[in-house]
Amino acid sequence: MQYHFNTIEAKWQKYWAENQTFKASNTSEKPKYYVLDMFPYPSGAGLHVGHPLGYIASDIYARYKRHKGFNVLHPQGYDSFGLPAEQYAIQTGQHPAVTTETNIKTYRRQLDQIGFSFDWSREVRTSSPEYYKWTQWIFIQLFESWYNNESNKAEEISSLIAVFASEGNANVNAVCDDNIEVFTAEAWNNFNQKEQEEILLKYRLTYLAETEVNWCPALGTVLANDEIVNGVSERGGHPVLRKKMTQWSMRISAYAERLLQGLDTIDWTDSLKESQRNWIGKSVGASVTFNVNNHEEVIEVFTTRPDTIFGVSFMTLAPEHELVSQITTPEQKAEVDAYILATAKRSERDRMADVKTISGAFTGAYAEHPFSKEPIPIWIGDYVLAGYGTGAVMSVPCGDQRDYDFAKHFNIAIPNIFEGVDISEEAYAAKDNVKIANSDFLNGMNYKKASKRAIYDLEQLGQGEGKTNYRLRDAVFSRQRYWGEPFPVYYVNGMPQMIDKAHLPITLPEVEKYLPTETGEPPLGRADVWAWDTVNNKVVSNDLVMSSEVETSQHNGVFPLELNTMPGWAGSSWYFFSYMEEKAKRGEDFASEDALNYWENVDLYIGGSEHATGHLLYSRFWTKFLKDRAFVGVEEPFKKLINQGMILGTSAFIYREDGTNTYLSQGLIKDKKVAPIHVKVQYVNASDELDIESLKNDAEFGADYKDAEFLLENGVYKVGREVEKMSKSKYNVVSPDAICEQYGADSLRLYEMFLGPLEQAKPWNTAGITGVHGFLKKLWKLYVGENGLNVTDVAATKDNLKTLHKTIKKVEEDIENFSFNTSVSTFMIAVNELTAQKCTSKEVLEPLLALVSPYAPHIAEELYSQLGNEGSIATVAFPKFDASHLVESSKNYPISFNGKMRFTIELPMDLSKDEIEKAVMSNEKTIAQLEGRTPKKVIVVPGKIVNIVG
RNA sequence: GCUCAAGUGGCGGAAUUGGUAGACGCGUCGGAUUCAAAAUCCGAUUCUUCGGAGUGCGGGUUCGAUUCCCGCCUUGAGUACCA
């Protein structure tokens, strides 16, 4: 009987589905283990071979843990809100829900055919109302919370209101907006409702505020910082502008320190932690207040170098700084205005691209040095960013290269405050090994001491204090799009009101088009039934909306709903908690307390590193928030995280000679001028030869080549190859479907692992797949011969057991270390050895199946059942390693001369050091190698090596 | 510029506390089987002037370095005027 993988794989996939083999239970005697993949966005193109890489790895681990006796939760779902479905809807008019459903079906079929052990009964879709009901609920909880710096956690807003009512806000230590005015309890109690709500909005963890946002005109929406790559939108590569808009924001900055500290408690790669550290961008220093001559206003700056305060020779404000217009003198006004206009015109991208050009303008105003009281000229310059710190810096040209360059360019003085340091060529930015000079009371001190002293003296003056700054900005949470979660928010008198939990979800309304309205409102502005009836608690027609100015007695209680939707990261920031609860029980709460306490957090998370500063940071933020409010019990969502490397495509090129319709085989190009053109990789074989007929018959592009001439070399057309990102536009996408059909899912699984270390990026090249496929055939033949089963009850030989236990040891170590590529080699070696040993012993061959099962589950199930076993192999115990089978009686010693191995000598293991040396030195090969020389030294490491020196 | 990875045969890669560099697979070459092909099986395959040399380059530590230390080069990823 032959290895019919298609039949076998279909059979077992059906068996697993019918028997719910991988359904996890929330009550179990076994220890729990939660393995999670970053869930996919179901795009129209379907899966390519790069997507399953991480899924295969996590599936191997999940299956391994089941063999090891764990209750494993290994769920899957879809991040199904998002831009591509909406863009497609705009083009075709099809409802995004319809295309999303179709795409999910394709994904599911593709995932099923690879044989993953997912518990599909817990599937999550971010776009389903049952799910986003809870996304809306979490949003409400954030709105109803503030961050108390005293308790260092989020608390219910009611506790803040209580403080306001009893003692005002003077002693409140909260994370809030900068522009908070101090008020008394009496004042608070006399504020009207709207005034109180306005104040509370400055404290809430999600808040509505006018902020500078990244506006992408092409996509018609704002974007978060992590959605912008190199100054253009991550999706589509469109330009992004700065724009002031009223938007929902998340006060993630409140969690900056905890997000930073928490990194030390989790098992993630260093590079990933480093990305998050950089993104959070903590810097410790001081805030310093400079008085402005002839003005009431003061300039506040943040500096990491308070020790260099006597080196300040000018101040620089961001052109957008609000004081600029007030302090600029009439003589300088024209120059300053021109400069501001010029910088406003430059896009973010231009500014970034051209860092070298120094520009700025003098305001004509002077600040006063806090200690020396000397006047300091105030400049504006675009190297100071409005969005970081206070948008103003104290410029110390001798200690900061940018200040130095600016001073040189505009001929500003560069006082030297470092003892014995030459600053004629460049600034001295290092903190160590230098003493401060020309700095009054700081003279002779080092960085640490001078900083401390400067802060102390500034505090005495009331002009500064120690301060820690973070680069992490609050995250914009509104999107002007249709295909996202609607906010559970309506507006009374311009103030946002939350809809009660009992009436969630607020489902997406129908619209006739998915574009912004003619007046520039988001697509939800097109909905006719999009108003909230506060009396009947339901969504009603917009026609019923009455102005909130109307007197209460006359008012029908209908108000307009929020028109923005939530960003893509909303649904993905908590989905891992949803999986913890069985679908039927996700009603009263997003997950029961029992479920949350049982599964705690994700033990192993596998996904791409592109989510380093987006999803992975936001998820940590929401988890910490939910923990603070006691909705979940854990501080971190993902205990261990592994990034799988990207699978790259191997693009194929044909070469058209310029000005002709002739295509040259790669070897014929020589000096000719040619244009390389991508061709679909499926028309190219493993030897880089193009199938010209198929290319000419291609439905999409065949017509382009109908009359083309192809010049061959040695009878074939050779294409050029190049490794690039796998992408539709490069025609190098390989779908797993064809591989599964031709070689089977087990071959695909093994091959993806065999390609190399999981974390490394690697090009996809199908050439080697015959190797692993051949291995599966050999494995099959070891069990099943032409006339039926080969396996017998004969006792295992010593060699059989040695091979088996060597394999158990290696595979177990490999899985624990996520070194799946080496396991595949180990299996090959084991099968080669057992075949050579003509092993038929069930005692060896049955445990071997449990080792193979996580990697190639279908063939393992089939052979396991052919051996006469009932049920699935999935929970069979992992074979136990027994070291006694590996004990050797002799060792083939490598004999090295000066560290270089020349030959080996077989010697018994129980020889002493001296006996080994004696045996080696008297060996004729040693004597021949030494050619009469006397060795200076002989190193003998019993059981390892002999090294002869001299 | 800064941060983090990584450089090993024709190719993907292995070598888990410093101890036989190149496991395993692909490809290539030779052979068996076959009328022939596919499939299958067997053998060879780092380079070499046959002394040796050799893990990006140059040093160092060590009896011994792909592995540890110092300096450089290259490639990839992330980040970008962060005061």
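Throughout, a chain's letter reflects where its sequence line sits, starting with A, and its residues are numbered from 1.
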Asks: Using a strict 4.0 Å threshold on nitrogen-to-oxygen distance, state whether A:Glu813 and A:Lys809 make a salt bridge.
Replies: yes
Asks: Could you tell me how far apart A:Asp405 (CG) and B:C81 (P) are, to the nearest whole angstrom?
Replies: 15 Å
Asks: Between B:A39, B:A80, B:C63, which nucleotide has the shortest distance from any of its atoms to the side chain of A:Trp279?
Replies: B:A80
Asks: Quantified in whole Å, what is the P atom distance between nucleotide B:C4 and nucleotide B:U49?
Replies: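 Roughly 45 Å separates the two P atoms.
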Asks: How should the glycosidic conformation of B:G51 be described, syn or anti, under the criterion that syn lies within 90° of 0?
Replies: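 The base of B:G51 is oriented syn (glycosidic angle within 90° of 0).
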Asks: If you look at every strand shown and take non-hydrogen atoms under 4.0 Å, does A:Pro763 touch a base, only sugar-phosphate, or nothing?
Replies: nothing
Asks: Determine, using ring centers only, whether A:Phe406 and A:Tyr404 are less than 6.0 Å apart.
Replies: no
Asks: Name all stems that contain residues of RNA chain B, defined as runs of 3 or more consecutive Watson-Crick or G-U wobble pairs, both distances under 3.5 Å.
Replies: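 B:1-7 with B:73-79, B:10-12 with B:24-26, B:27-32 with B:40-45, B:56-60 with B:68-72 - these are the stems of 3 or more pairs that involve RNA chain B.
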Asks: May I ask you to say what A:Arg902 touches in the nucleic acid, namely base, sugar-phosphate or nothing, with a heavy-atom cut-off under 4.0 Å?
Replies: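 The residue A:Arg902 makes sugar-phosphate contact but no base contact.
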Asks: Among A:Val49, A:Val824, A:Ile769, which residue satisfies the side chain to side chain contact (heavy atoms under 4.5 Å, CB included) criterion with A:Glu752?
Replies: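 In the set A:Val49, A:Val824, A:Ile769, the residue that makes a side chain to side chain contact (heavy atoms under 4.5 Å, CB included) with A:Glu752 is A:Val49.
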Asks: Rounded to whole Å, please give me the gap between CE in A:Met753 and P in B:G13.
Replies: 14 Å
Asks: Does A:Lys273 use its side chain to pair, donor to acceptor, with the backbone of A:Leu263 at less than 3.5 Å?
Replies: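 Looks like yes, one N/O pair under 3.5 Å.
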Asks: Identify whether any heavy atom of A:Gln760 sits under 4.0 Å from a base atom; if not, whether one sits that close to sugar-phosphate; answer base, sugar-phosphate or nothing.
Replies: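 Contact class for A:Gln760: sugar-phosphate only.
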Asks: Measure from CD1 on A:Ile380 to C1' on B:C81 and round the result to the nearest Å.
Replies: 16 Å
Asks: Could you give the distance separating B:U67 and B:A14 at their P atoms, to the nearest angstrom?
Replies: 16 Å
Asks: Suppose you measure atom C1' in B:U33 against the same atom in B:G27; what distance do you get, rounded to whole Å?
Replies: 23 Å
Asks: In whole Å, what is the span from the CD atom of A:Glu813 to the P atom of B:U17?
Replies: 10 Å
Asks: Tell me what A:Lys282 touches on the nucleic acid: a base, only sugar-phosphate, or nothing, going by heavy atoms under 4.0 Å.
Replies: nothing
Asks: Please tell me which of A:Lys781 and A:Asp814 maps to the more 5' nucleotide of RNA chain B, matching each residue to the nucleotide holding its nearest heavy atom.
Replies: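 Nearest-nucleotide comparison on RNA chain B picks A:Asp814.
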Asks: Between the protein and nucleotides 18-27 of chain B, are there any N/O to N/O pairs under 3.5 Å, and if so, what are the atom names and distances?
Replies:
unit_1: B:A23; atom_1: N1; unit_2: A:Ser825; atom_2: OG; d: 3.4
unit_1: B:G25; atom_1: OP1; unit_2: A:Asn832; atom_2: ND2; d: 3.3

Asks: Between B:A83 atom C1' and A:Leu385 atom CG, what is the distance in whole Å?
Replies: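 Roughly 9 Å, once rounded to whole Å.
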Asks: Say we look at B:G9 and B:U48: how far apart would their P atoms be, to the nearest angstrom?
Replies: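 About 14 Å, rounded to a whole number of Å.
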Asks: Rounding to the closest angstrom, what is the interatomic distance between B:G13 and B:C24 at atom C1'?
Replies: 9 Å
Asks: When rounded to the nearest Å, what value does the distance between P atoms of B:U79 and B:C41 take?
Replies: 48 Å
Asks: Using the C1' atoms only, state how far B:C68 lies from B:U62, rounded to an integer number of Å.
Replies: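 That atom pair is separated by 10 Å.
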Asks: Taking syn as any angle within 90 degrees of 0 and anti as the rest, which one fits B:G10?
Replies: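 Nucleotide B:G10 adopts anti.
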Asks: Are OP1 or OP2 of B:A83 and a side-chain N or O of A:Ser395 less than 4.0 angstrom apart?
Replies: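 For B:A83, OP1/OP2 do not have a side-chain N/O of A:Ser395 under 4.0 Å.
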Asks: Identify whether the distance between the nearest side-chain nitrogen and carboxylate oxygen of A:Lys781 and A:Glu786 falls below 4.0 Å.
Replies: no
Asks: Measure centre to centre between the rings of A:Tyr61 and A:Phe818, then say whether the value is under 6.0 Å.
Replies: yes
Asks: Would you kindly give the OH-to-C1' distance between A:Tyr383 and B:G1, to the nearest whole Å?
Replies: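 My rounded result for the distance is 18 Å.
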Asks: Using a cut-off of strictly less than 4.0 Å, decide whether A:Arg402 has a side-chain nitrogen or oxygen near OP1 or OP2 of B:C82.
Replies: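 Affirmative; the distance criterion is met.
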Asks: Using the P atom as the reference point in each nucleotide, state the distance between B:A21 and B:G71 in Å, no decimals.
Replies: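 My reading of the P atoms in B:A21 and B:G71 gives 29 Å.
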Asks: RNA chain B: A:Gly774 or A:Phe302, which has the more 5' nearest nucleotide?
Replies: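 By nearest-heavy-atom nucleotide position, the 5'-most residue is A:Gly774.
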Asks: If you count heavy atoms of other groups shown closer than 6.0 angstrom to NZ of A:Lys282, is the number above 12?
Replies: yes
Asks: Do you know which two heavy atoms are closest between A:Ile739 and A:Trp764, and how far apart they sit?
Replies: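 Smallest heavy-atom distance, with atoms named: CD1-CZ2, 3.7 Å.
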Asks: Take atom CD in A:Glu322; do more than 12 heavy atoms of anything else shown fall under 6.0 Å from it?
Replies: no
Asks: If you count heavy atoms of other groups shown closer than 6.0 angstrom to CD of A:Glu816, is the number above 12?
Replies: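 Counting neighbours around CD of A:Glu816, more than 12 heavy atoms of other residues, nucleotides or ligands fall under 6.0 Å, so yes.
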Asks: Starting from P on B:A83, measure out to CE on A:Met394 and report it in whole angstrom.
Replies: 12 Å
Asks: What is the distance from CD of A:Glu274 to P of B:A80, rounded to the nearest Å?
Replies: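 Distance, rounded to whole Å: 15 Å.
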Asks: Among residues at least two apart in sequence or on other chains, which ones pass salt bridge (charged side-chain N to carboxylate O under 4.0 Å, His left out) with A:Lys806?
Replies: A:Glu833
Asks: Given B:C63, is OP1 or OP2 found less than 4.0 Å from the side-chain N or O atoms of A:Lys936?
Replies: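 No, outside the criterion.
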Asks: Using every non-hydrogen atom in the two residues, find where A:Met726 and A:Val734 come nearest and quote the distance to one decimal.
Replies: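 Minimum heavy-atom separation between A:Met726 and A:Val734: SD-N, 3.8 Å.
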Asks: Please state whether the phosphate of B:G12, meaning OP1 or OP2, lies under 4.0 angstrom from any side-chain nitrogen or oxygen of A:Lys762.
Replies: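 For A:Lys762, the contact criterion (side-chain N or O under 4.0 Å from OP1 or OP2 of B:G12) is not met.
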